[in-house]
Undergrad: 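Just dropping this structure here.
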Amino acid sequence: QGTAAAVSGSRERVEALGREIAAKAQEREGCEAKSTQLRQEEKTVNGRLEGLSGELARLEAAGHEAWAVGGCVRDSLLGLVPRDWDLCTSAAPEEMVRAFQGWTVIPTGLRHGTLTVRLEGENWEVTTYRTDGAYTDHRHPDGVAFVREVEADLARRDFTVNAMAWHPRRGLFDPMGGRKDLEGKT
């Protein structure tokens, strides 16, 4: 009887150990799956934003920083094709006009630091980094102040998931935690 109890206890310990090992393996598989998902998201964003090379290169060749920003980054992370493309840059409006000389440039809203560049049938909205003043009409800022830091520009945006920036070489810049909120669907 003592031997049977010992065997039964050993069997229970072995089964418990087996369950623990299975749980750890499942946890590791979950981590590997998450890692694979993140790599796939990066490939998706890189592929979707490949077209930015010309626009970003123009701005950077003129000595300015530039990023894809907002909804196009969010949509790319979700695996969706963005409806439109927004870029933000340290270039002031007149510097953007000079950088895109020879391209079709539409002065969409230069007062607010925005112009539209038309290239190969696509419109790319490009806006100077800025902070916004009051919104008397609850839709458009009464005024803007141009700034030189992308983080200040991202901080003014409506939702954290729209406050992410992407650059083909620098990757995702997400100081507001938008990716986490996107994953948490908040």
Undergrad: Does the pair Glu65 and Arg170 meet the rule for a side chain to side chain contact (heavy atoms under 4.5 Å, CB included), with working shown?
TA: CA-CA 11 Å; Glu65 183 179 78; Arg170 292 184 220 117; 4.0 Å; yes
Undergrad: Do Thr116 and Asn123 have side-chain atoms, one donor and one acceptor, less than 3.5 Å apart?
TA: no
Undergrad: Could you tell me the separation between the CH2 atom of Trp124 and the CG atom of Leu56, rounded to the nearest 0.5 Å?
TA: 8.5 Å
Undergrad: Keeping Thr128 on the side-chain end and Ala91 on the backbone end, is there a donor-acceptor pair under 3.5 Å?
TA: yes
Undergrad: Could you state the interatomic distance from OH (Tyr135) to NE2 (His140), rounded to the nearest 0.5 Å?
TA: 9.0 Å
Undergrad: Group every Ile, Leu, Val, Met, Phe, Trp and Tyr by side-chain heavy-atom contacts under 4.5 Å, then state whether Val147 and Phe173 land in the same group.
TA: yes
Undergrad: Would you name the heavy atoms of His112 and Pro141 that are closest together and state the gap between them?
TA: NE2-O, 3.5 Å
Undergrad: Quick check: closest heavy atoms across Asp75 and Pro82, and the distance to 0.1 Å?
TA: OD2-CA, 3.9 Å
Undergrad: Just how far is it from atom CZ of Arg130 to atom OG1 of Thr89, taken to the nearest 0.5 Å?
TA: 13.5 Å
Undergrad: Minimum heavy-atom separation for Ala99 and Ala62, please, with both atom names.
TA: CB-CB, 4.2 Å
Undergrad: Taking side chain to side chain contact (heavy atoms under 4.5 Å, CB included) as the criterion, tell me which of Leu154, Val144, Val69, Asp153 meets it with Tyr129.
TA: Asp153
Undergrad: Does Thr108 use its side chain to pair, donor to acceptor, with the backbone of Thr114 at less than 3.5 Å?
TA: no
Undergrad: Can you see which heavy atom on Asp174 is nearest to which on Met164, and at what distance?
TA: OD1-CG, 3.4 Å
Undergrad: Would you say Glu149 has more than 12 foreign heavy atoms packed within less than 6.0 Å of its CD?
TA: no
Undergrad: Looking at Glu94, I'd like to know if its CD atom is crowded, meaning that more than 12 non-hydrogen atoms belonging to other residues, nucleotides or ligands lie closer than 6.0 Å.
TA: yes
Undergrad: Indicate the atoms forming the closest heavy-atom contact of Phe146 with Arg111, along with that distance.
TA: CZ-O, 4.1 Å
Undergrad: To the nearest 0.5 angstrom, please state how far the SG atom of Cys72 sits from the CZ atom of Arg83.
TA: 11.0 Å
Undergrad: Would you mind reporting whether Val117 and Leu87 have side-chain heavy atoms less than 4.5 Å apart?
TA: no
Undergrad: Would you check if His167 and Glu60 make a side-chain contact, meaning some heavy-atom pair closer than 4.5 Å?
TA: yes
Undergrad: If the condition is ring-ring contact (aromatic ring centres under 6.0 Å, His included), which residues does Phe100 pass it with, not counting sequence neighbours?
TA: Trp103
Undergrad: Is there a chain of hydrophobic side chains (I, L, V, M, F, W, Y, each step under 4.5 Å between heavy atoms) that links Ile106 to Leu110?
TA: no
Undergrad: How long is the span from the CD atom in Glu183 to the NZ atom in Lys185, to the nearest 0.5 Å?
TA: 10.5 Å
Undergrad: Enter the distance from Thr127:OG1 to Leu115:CG here, rounded to the nearest 0.5 Å.
TA: 7.5 Å
Undergrad: Look only at the side chain of Asp86 and the backbone of Gly70, and say whether a donor-acceptor pair between them is shorter than 3.5 Å.
TA: no
Undergrad: Nearest heavy-atom pair of Thr160 and Met176: which atoms, and what distance?
TA: CG2-O, 3.5 Å
